[in-house]
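Input: a single structure, listed below in structure tokens.
This one's a predicted model, so the numbers in the text were calculated from it and none came from an experiment. Per chain, numbering begins at 1; letters A, B, ... match sequence-line order.
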There are 2 protein chains.
Amino acid sequence: MTKMSDVARLANVSTATVSRVLRNPEAVTEPTKHKVLEAIEELNYQPNMLARHFRRTETNTILVVVPNIINTVFAEIVGGIEDEASKKGYRVLLRNSNNQIDSEYGSIEHMKQRQVDGMIMLSPKLDEETLLDISNQYPIVLATAHLDGVKIPVVSIDNINSSKKATEHLISLGHKRIAHLTGPLYSLISKNRCKGYRRAMIENGLEIYSNLILEGDFTYESGYKQMKKLLDLENPPTAVFAASDDMAMGVVNAAKHHGLNVPGDLAVVGFDNIKFSSIFDPPLTTIAQPMFGMGKRAMELLIRKFKGESLSQTEHVLPDKLIIRESCGTKQKESTVV
Amino acid sequence: MTKMSDVARLANVSTATVSRVLRNPEAVTEPTKHKVLEAIEELNYQPNMLARHFRRTETNTILVVVPNIINTVFAEIVGGIEDEASKKGYRVLLRNSNNQIDSEYGSIEHMKQRQVDGMIMLSPKLDEETLLDISNQYPIVLATAHLDGVKIPVVSIDNINSSKKATEHLISLGHKRIAHLTGPLYSLISKNRCKGYRRAMIENGLEIYSNLILEGDFTYESGYKQMKKLLDLENPPTAVFAASDDMAMGVVNAAKHHGLNVPGDLAVVGFDNIKFSSIFDPPLTTIAQPMFGMGKRAMELLIRKFKGESLSQTEHVLPDKLIIRESCGTKQKESTVV
DNA sequence: TTGTACGCGTTATCAA
DNA sequence: TTGATAACGCGTACAA
């Protein structure tokens with residue numbers, strides 16, 4: 001393999017000069033630069049990045065830890081990260097944690113071993129203490145996460161408020177028995193979405209029935225399964241707010257298979273605005289998370305950390321939006337009560 | 001940062017011995033090994049991987065070039081690659097080409113610069129000559145690709161036969177005016193799926209109408225748009241075979257919005273068996289590609305290349321399967337002809 | 001502006 | 001089985 005000394009020899013300069021041409025061209029006169037570039041061209045020289053990384057103790061690579069790349073939400077965020085990263089000259093190492101906390105621990109080793117310059121974790125399961133500990137030693141940014149008062153950069157939306165909006169939309173349509181399917185409750189995100197739901201119910205003077213709040217895990221299957229349970233209730237809900245679009249689709253299909261009409265007999269609101277939520281029948285009313293933008297922003301923040309900025313602001317809340325489609329009906333429902 | 005020589009000093013051995021303990025433990029006696037491990041523990045030593053990679057000119061990292069990670073099909077294949085890679089101690093570098101051929105060229109630089117040990121390209125746009133040229137110099141495996149007689153390992157399904165099966169399913173239901181939405185025709189995959197369609201039509205004595213074959217780009221939007229065109233025909237088709245599930249959903253929705261019933265008025269078959277194809281209404285009849293398995297297999301082949309195997313067999317065809325759901329009706333359609 | 005020469009931390013070779 | 005030592009290729013003081 002042709003190396004820097006080969007180029008130097010051909011161009012009749014030292015390796016130092018070749019190095020300068022590559023990394024600090026202003027420090028070299030036009031003619032010598034020309035000579036060197038010609039030699040590089042002629043020999044088809046490519047710098048050995050491994051040597052460079054070793055020498056500079058940096059890799060221009062970041063690690064993205066994702067629960068599961070097959071999930072549309074994460075795939076889109078990763079898309080945003082990759083887009084921004086490649087524009088800024090960074091490479092993206094992908095790691096599926098499969099929701100295993102051990103795997104998240106393992107990813108920290110990557111940084112300790114200098115294999116990456118920093119990392120972005122999506123929906124981490126690690127406890128706040130551990131995360132803070134890592135953050136004090138290495139550049140790390142979280143996305144779709146929420147920590148209470150811990151000083152780590154986090155990119156997210158306002159999960160409480162957006163869920164409140166979603167629930168209030170159902171309330172505004174006249175619904176009173178509104179169920180909520182949560183995400184896994186170990187995550188603060190799921191708790192916050194639930195909190196938004198509760199807040200909307202309380203502020204509108206509606207009763208919260210504990211048997212109308214069921215825990216899911218964001219998947220279609222869990223939405224389907226939990227909806228079945230709700231349908232078996234003596235007094236089933238007239239509306240469901242699901243904490244993910246996947247679950248919302250499970251809810252809709254369970255209702256359909258049970259002979260119900262959506263939105264006629266049951267109104268459903270989802271969360272995420274994944275691509276298929278608009279393709280689905282009926283198209284889902286949902287909260288749009290700017291997934292691509294969140295990924296992009298997370299990468300921007302990480303780069304700022306690389307540059308040594310201290311990022312006084314740690315919570316980066318991006319705007320969400322209630323997208324009204326057909327899954328909860330657009331017309332007011334005639335009030336069945338009072 | 002604590003380095004190998006620190007460990008060596010504390011354990012009263014040479015760095016060579018420390019290195020051996022880490023990478024070749026059998027070559028060291030039990031007591032010295034013990035000493036060394038203790039010192040490692042005590043100093044909380046982590047090997048500097050950059051130095052190791054540099055010294056060994058290998059990175060244990062592979063590059064995956066993907067047109068777009070947001071596409072479910074690619075996300076699942078990447079999932080399979082990542083799964084296998086992490087089991088075998090490899091890391092996965094992700095690169096979105098966004099279907100830009102320049103970006104694919106760029107990814108080759110990664111290998112020339114030794115940043116990765118090898119690469120897997122999904123649905124490459126690069127021409128065969130270039131690919132062959134790379135393959136002669138570096139370990140590379142392709143997936144969801146097809147090359148005519150070129151000696152590069154490729155993982156795929158039999159696109160011709162599976163498309164033939166899909167089309168024949170429609171034929172067996174009594175359809176005669178069967179349209180086909182192709183993928184982008186620069187890709188041999190799309191051409192092959194089209195070939196399978198044609199073959200089925202011809203072998204069953206059905207006429208091929210050129211205005212019933214339209215080119216799409218695998219997206220929902222293109223399926224929707226092209227279906228609109230078909231609906232405007234004087235004599236629209238009674239069935240459509242779309243070369244991707246995304247397009248098939250576009251077809252179904254265009255038909256629905258046009259007031260048609262699927263499968264009652266129009267039978268639709270898709271391709272890929274993405275997760276949402278079964279959630280969609282009606283659930284899509286489709287050809288299942290073993291996406292996760294294809295990713296896994298591609299990674300296995302790449303590892304075999306790393307080991308210096310020559311892989312006499314270059315085409316690795318995985319089994320596909322026709323999944324019959326409801327989008328084309330299960331009952332025989334009464335014959336409208338003869 | 002350019003060149004000399006050393007060091008980054010690990011692994012491999014060779015000798016003991 | 002272990003140790004001494006020389007690379008690996010690049011970047012950067014420091015000197016010229």
### Message
Rounded to whole Å, please give me the gap between CZ in A/Arg114 and C1' in C/dG9.
### Response
12 Å
### Task
Using modelled atom types only, decide if a donor and an acceptor are shared between the side chain of B/Lys151 and the backbone of B/Thr314 within a distance under 3.5 Å.
no
### Query
Looking for any heavy atom pair under 4.0 Å, which part of the strands does A/Met4 touch: base, sugar-phosphate only, or nothing?
sugar-phosphate
### Query
Does any residue of residues 25-45 of chain A have a heavy atom under 4.0 Å from DNA chain D, and if so, which ones, in number order?
A/Tyr45
### Query
Taking only residues two or more places apart in sequence, or in another chain, which ones meet A/Glu58 in a salt bridge (Lys or Arg N to Asp or Glu O under 4.0 Å)?
A/Arg56
### Set of residues satisfying ring pair (Phe, Tyr, Trp, His ring centres under 6.0 Å) with respect to B/Phe218, sequence neighbours excluded
none
### Message
Under the criterion of centre distance below 5.5 Å and interplanar angle below 30°, is A/Phe54 classified as stacked on the base of C/dC8?
### Response
yes
### Task
Return yes if some donor-acceptor pair links the side-chain N/O of B/Asn24 with the main-chain N/O of B/Ala27 below 3.5 Å, else return no.
no
### Query
Checking A/Asn71 side chain against A/Val73 main chain: does a donor-acceptor pair fall under 3.5 Å?
yes
### Task
State whether B/Lys3 and B/Asp6 are salt-bridged, where the test is any N-O pair (Lys NZ or Arg NE/NH1/NH2 against Asp/Glu carboxylate O) under 4.0 Å.
no
### Query
To the nearest angstrom, how far is B/Arg52 atom CZ from C/dC8 atom P?
19 Å
### Task
Tell me, please, which residues at least two apart from B/Glu129 pass salt bridge (Lys or Arg N to Asp or Glu O under 4.0 Å).
none
Output one line per pair: protein atom, nucleotide atom from nucleotides 4-6 of chain C, and distance, for all N/O pairs under 3.5 Å.
none

### Message
Could you tell me the boundaries of the chain B footprint on DNA chain D, defined by atoms under 4.0 Å from its heavy atoms?
### Response
D/dT1 to D/dG9
### Pairs where residues 36-54 of chain B contributes a residue and the test salt bridge (Lys or Arg N to Asp or Glu O under 4.0 Å) is met, not counting sequence neighbours
none
### Task
Among residues two or more places apart or on two chains, list those pairs meeting ring-ring contact (aromatic ring centres under 6.0 Å, His included) that have a residue in residues 92-144 of chain A.
none
### Task
Taking ring pair (Phe, Tyr, Trp, His ring centres under 6.0 Å) as the test, write out the residues that go with A/Phe306, two or more places apart.
A/Tyr90
### Task
Quickly work out the A/Glu58 CD to C/dG9 P distance and round it to whole Å.
15 Å
#### Entry: Identified side-chain contact (heavy atoms from CB on, under 4.5 Å) counterpart of B/Met121 within the set B/Val66, B/Leu131, B/Val64, B/Ile108
B/Leu131
### Query
At how many degrees, to 10°, do the end axes of the helix from C/dT1-D/dA16 to C/dA16-D/dT1 meet when each uses five pairs?
30°
### Message
If I take atom CG in residue B/Asp6 and atom C1' in nucleotide C/dC8, what distance separates them, rounded to the nearest angstrom?
### Response
14 Å
#### Entry: Partner set under salt bridge (Lys or Arg N to Asp or Glu O under 4.0 Å) for A/Glu84, not counting sequence neighbours
A/Lys88, A/Lys296
### Summary
Residues passing the salt bridge (Lys or Arg N to Asp or Glu O under 4.0 Å) test with B/Glu30, sequence neighbours excluded, are B/Lys33
